[in-house]
Colleague: 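Quick one: this structure, given as C-alpha cells, is what I'll be asking you about.
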Amino acid sequence: MKIAFTTSDRVHVNAHFGWAKMIDVYEISDEGYSFLETLKFEGNLKQDGNEDKLVPKLDALVDCTILYVSAIGGSAAARLIKKGVTPVKARSDDEEIQEILNRLVETLKGNPPPWLRKALKKTKRNIEEELEEEATL
C-alpha cells in the first residue's frame, strides 16, 4: 500500500496539508518500505478559504491509503476520506518519516489496529474491483 507524508524537509512530518509544497510517497508492506516519489505543488498554498488549491493534492493522493500530516483542516480531511485516503495527524513536527514507516512495518507484521485493518481492506477491495473491471472489458 502507499503511504504519504506532508513535509518541508523530507525528514519530518512537519507541513500542514493545505500549505505543503512537498508530499513524499512510500510503498509499504510487512516486509519493509521503499521511497516512490516526491509530489511537488506550487502557487499560493497559504491562502485560507481557497478550496481549489486542494484539488491537485487530492487527485495526486487518490491511490494512497494513509496520509500523515502535521495539521489538516476539517474540509480537507473529509475530502480525503471521501476519496479513500485516511489522514493521520503526526504526534509532533519533530516526528520522523522513517520512524513512522518502521513502526508501520512492525504493526503490519503483527495485529494492526482496527483503523489500519479497515484501510488495508479498502486497498485490497480497490485492487479486486480493478481486476473485475478489466475482466469485463
Side-chain angles (χ1 to χ4, degrees):
M1 79 177 149
K2 290 183 182 178
I3 308 289
F5 301 87
T6 59
T7 183
S8 64
D9 61 7
R10 305 202 53 225
V11 174
H12 301 93
V13 181
N14 59 1
H16 183 288
F17 175 66
W19 303 345
K21 291 188 180 283
M22 291 186 296
I23 298 177
D24 280 356
V25 180
Y26 290 79
E27 183 74 36
I28 187 168
S29 73
D30 59 358
E31 296 176 8
Y33 61 87
S34 59
F35 174 76
L36 293 177
E37 65 181 321
T38 297
L39 304 171
K40 295 186 179 183
F41 303 93
E42 303 295 327
N44 185 6
L45 300 175
K46 292 199 176 191
Q47 184 180 350
D48 284 334
N50 178 7
E51 296 291 313
D52 291 339
K53 72 179 179 188
L54 301 177
V55 172
K57 289 180 184 176
L58 294 166
D59 290 344
L61 295 168
V62 74
D63 61 344
C64 291
T65 304
I66 300 170
L67 170 68
Y68 281 85
V69 299
S70 71
I72 188 168
S75 169
R79 289 169 75 180
L80 278 170
I81 292 166
K82 192 173 185 178
K83 289 192 175 268
V85 181
T86 302
V88 177
K89 193 170 182 309
R91 294 176 183 165
S92 75
D93 284 354
D94 295 329
E95 191 164 24
E96 293 187 10
I97 292 168
Q98 190 172 3
E99 289 173 12
I100 294 170
L101 288 166
N102 288 330
R103 272 198 319 267
L104 278 171
V105 168
E106 289 305 311
T107 301
L108 290 172
K109 286 180 185 177
N111 186 17
W115 71 269
L116 186 52
R117 283 197 303 269
K118 184 178 178 183
L120 288 168
K121 282 182 187 172
K122 279 186 199 173
T123 302
K124 185 177 179 185
R125 190 182 74 237
N126 289 346
I127 291 168
E128 289 170 356
E129 287 171 0
E130 284 177 24
L131 290 173
E132 248 179 60
E133 284 176 22
E134 285 178 18
T136 58
L137 292 177

Colleague: Kindly compute the distance separating CD1 (Ile66) from CG (Leu104), expressed to the nearest 0.5 Å.
Modeller: 5.5 Å
Colleague: Is any side-chain heavy atom of Leu61 less than 4.5 Å from a side-chain heavy atom of Leu39?
Modeller: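 Yes, close enough: below the 4.5 Å cut-off.
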Colleague: Work out which heavy atom in Leu80 is nearest to a heavy atom in Pro87; give both atom names and the distance.
Modeller: CD1-CB, 4.1 Å
Colleague: Are any non-hydrogen side-chain atoms of Val13 and Ile97 less than 4.5 angstrom apart?
Modeller: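 The answer is yes; the side chains approach within 4.5 Å.
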Colleague: Can you see whether Asn14 engages Ser70 through a side-chain donor-acceptor pair at a distance of less than 3.5 angstrom?
Modeller: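 Checked: Asn14/Ser70 side chains show no N/O donor-acceptor pair below 3.5 Å.
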Colleague: What distance separates Leu54 CG from Phe17 CZ, expressed to the nearest 0.5 Å?
Modeller: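 Separation between the atoms: 5.5 Å.
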Colleague: Please round to the nearest 0.5 Å and tell me the distance separating atom CG of Leu67 and atom NZ of Lys89.
Modeller: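 Spacing of CG (Leu67) from NZ (Lys89) equals 13.0 Å.
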Colleague: Going by the angle between their ring planes, with limits at 30° and 60°, are Tyr26 and Phe35 parallel, tilted or perpendicular?
Modeller: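 Tyr26 and Phe35: perpendicular rings.
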Colleague: Is a donor on one side and an acceptor on the other found under 3.5 Å between the side chain of Lys57 and the backbone of Ile23?
Modeller: no
Colleague: Between CD of Glu96 and CG of Leu101, what distance do you get to the nearest 0.5 Å?
Modeller: 11.0 Å
Colleague: Show the nearest heavy-atom pair for residues Phe41 and Ala60, with the distance to one decimal.
Modeller: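 Nearest heavy atoms, Phe41 then Ala60: CZ-CB, 4.1 Å.
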Colleague: Using the rule that two of Ile, Leu, Val, Met, Phe, Trp, Tyr join whenever any of their side-chain heavy atoms come within less than 4.5 Å, decide whether Val88 and Met22 are in one cluster.
Modeller: no
Colleague: Write down the atom of Thr7, the atom of Arg10, and the distance for their closest heavy-atom approach.
Modeller: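 What the structure gives for the nearest pair is OG1-N, 2.8 Å.
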Colleague: Leu108 vs Leu116, test: side-chain contact (heavy atoms from CB on, under 4.5 Å). Steps then yes/no.
Modeller: CA-CA 9 Å; Leu108 290 172; Leu116 186 52; 4.0 Å; yes
Colleague: I need the Leu36 CG to Cys64 SG distance, nearest 0.5 Å.
Modeller: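 SG of Cys64 is found 8.5 Å from CG of Leu36.
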Colleague: What's the spacing between Ile100 CD1 and Arg91 CZ if we round to 0.5 Å?
Modeller: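 Rounded to the nearest 0.5 Å, the CD1-CZ separation comes out at 8.0 Å.
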Colleague: Is Glu99 atom CD crowded by more than 12 heavy atoms from other residues, nucleotides or ligands, each under 6.0 Å away?
Modeller: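 Atom CD in Glu99 is crowded, with more than 12 foreign heavy atoms closer than 6.0 Å.
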Colleague: Taking all non-hydrogen atoms of both residues into account, name the closest pair between Thr6 and Ala15 and its distance.
Modeller: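 Smallest interatomic distance, heavy atoms only, reads OG1-O, 2.6 Å.
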Colleague: Check whether any side-chain heavy atom of Arg79 lies under 4.5 Å from a side-chain heavy atom of Val55, and answer yes or no.
Modeller: yes
Colleague: How far apart are the closest heavy atoms of Met1 and Glu27, and which atoms are they?
Modeller: N-OE2, 2.9 Å
Colleague: Given 3.5 Å as the limit, does a donor-acceptor pair link the side chain of Thr65 with the main chain of Ile3, or not?
Modeller: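 Looks like no, no N/O pair under 3.5 Å.
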Colleague: Return the minimal non-hydrogen interatomic distance between Ala76 and Leu58, and the atom names on each side.
Modeller: O-CD2, 4.5 Å
Colleague: Looking at Glu106 and Arg103, is any side-chain nitrogen of the basic one under 4.0 Å from a carboxylate oxygen of the acidic one?
Modeller: no
